[in-house]
K.L.:
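Structure below; questions to follow.
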Amino acid sequence: MAIIKNYNITLKNGKEVEVGSAQSGDEESLLKFGQDSIIDHEYQAKFPDEFRITLEEEFKFIEDYRESSNKLALVARDNGKVIAMLNFT
């Protein structure tokens, strides 16, 4: 995949966040982000008890995207915590 180097952007509310490709070390934060997204939003395709992704699977997901020539996974981080994710295949 195209690797997007981390860079900082300022949001409309003045808060600064880091944006870049998902990378090794994001696994736990991505997992928590996925779990929180399901719990916090009533229109999600899954219920919390259906979200069974493991830390190992999250690691493989990031590795697969970083090694692929036609995939891209971007994340936004606030103090190292993933707060948004966008992926393309």
Side-chain angles (χ1 to χ4, degrees):
M1 104 176 143
I3 303 292
I4 308 297
K5 291 183 181 182
N6 294 336
Y7 62 96
N8 291 332
I9 62 168
T10 303
L11 303 178
K12 289 181 182 180
N13 65 3
K15 187 171 192 97
E16 194 169 289
V17 297
E18 180 183 71
V19 175
S21 293
Q23 58 193 18
S24 180
D26 285 332
E27 299 87 8
E28 286 186 47
S29 190
L30 273 171
L31 199 56
K32 178 84 170 110
F33 173 74
Q35 292 165 340
D36 291 348
S37 295
I38 290 172
I39 292 168
D40 290 343
H41 298 36
E42 65 180 291
Y43 299 110
Q44 288 293 333
K46 292 185 178 194
F47 291 104
D49 61 333
E50 296 175 310
F51 189 82
R52 297 186 182 111
I53 298 171
T54 66
L55 199 56
E56 178 66 23
E57 289 170 325
E58 202 68 66
F59 176 81
K60 287 179 183 177
F61 167 82
I62 292 171
E63 203 170 70
D64 177 54
Y65 268 69
R66 291 185 69 86
E67 292 176 358
S68 176
S69 63
N70 65 345
K71 296 180 181 180
L72 176 63
L74 295 175
V75 296
R77 299 177 198 88
D78 180 17
N79 292 317
K81 176 184 172 190
V82 173
I83 58 169
M85 180 183 179
L86 179 64
N87 60 307
F88 302 92
T89 57

K.L.:
Going by salt bridge (charged side-chain N to carboxylate O under 4.0 Å, His left out), name the residues that satisfy it together with Glu18, two or more places apart in sequence or in a different chain.
P.N.:
Arg77
K.L.:
Has Thr89 got a side-chain atom pairing as donor or acceptor with Lys71's backbone, closer than 3.5 angstrom?
P.N.:
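No, Thr89 side chain to Lys71 backbone: no donor-acceptor pair under 3.5 Å.
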K.L.:
Of all heavy-atom pairs between Ser21 and Ile4, which one has the smallest distance, and what is that distance?
P.N.:
OG-N, 2.7 Å
K.L.:
Consider only side-chain heavy atoms of I, L, V, M, F, W and Y, link residues closer than 4.5 Å, and tell whether Ile53 and Leu55 are in one cluster.
P.N.:
yes
K.L.:
Evaluate the side-chain proximity of Val75 to Phe33: yes if any heavy-atom separation is below 4.5 Å, no if none is.
P.N.:
no
K.L.:
Would you say Asp26's side chain and Gln23's backbone share a donor-acceptor pair under 3.5 angstrom?
P.N.:
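Looks like yes, one N/O pair under 3.5 Å.
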K.L.:
Side chain to side chain donor-acceptor pair (under 3.5 Å) with Glu56: which residues, sequence neighbours excluded?
P.N.:
none
K.L.:
Within this structure, what is the CD-CG distance for the pair Glu58 and Leu31, rounded to the nearest 0.5 Å?
P.N.:
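So the gap between those two atoms works out to 5.5 Å.
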K.L.:
Does a sphere of radius 6.0 Å around CD in Glu28 hold more than 12 heavy atoms from other residues, nucleotides or ligands, not counting ones at 6.0 Å or beyond?
P.N.:
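At most 12 heavy atoms, drawn from other residues, nucleotides or ligands, come within 6.0 Å of this atom.
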K.L.:
Hey, what do you get for CE (Met85) to CG (Leu74), rounding to the nearest 0.5 Å?
P.N.:
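The CE atom of Met85 sits 8.5 Å away from the CG atom of Leu74.
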K.L.:
Nearest 0.5 Å please: distance from the CG atom of Asn70 over to the OH atom of Tyr65.
P.N.:
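Reported value, rounded in 0.5 Å steps: 9.0 Å.
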K.L.:
Indicate the atoms forming the closest heavy-atom contact of Gly80 with Ser29, along with that distance.
P.N.:
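That closest heavy-atom pairing would be O-OG, 3.9 Å.
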K.L.:
What's the separation between atom CG in Asp78 and atom CG in Leu11, rounded to the nearest 0.5 Å?
P.N.:
8.5 Å
K.L.:
Are there over 12 heavy-atom neighbours, none belonging to Asn79, within less than 6.0 Å of that residue's CG?
P.N.:
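Not more than 12 within 6.0 Å, no.
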K.L.:
Can you tell me how far apart NZ (Lys81) and CG (Leu30) are? Round to the nearest 0.5 Å.
P.N.:
12.0 Å
K.L.:
Within this structure, what is the CG-CZ distance for the pair Leu72 and Arg66, rounded to the nearest 0.5 Å?
P.N.:
10.5 Å
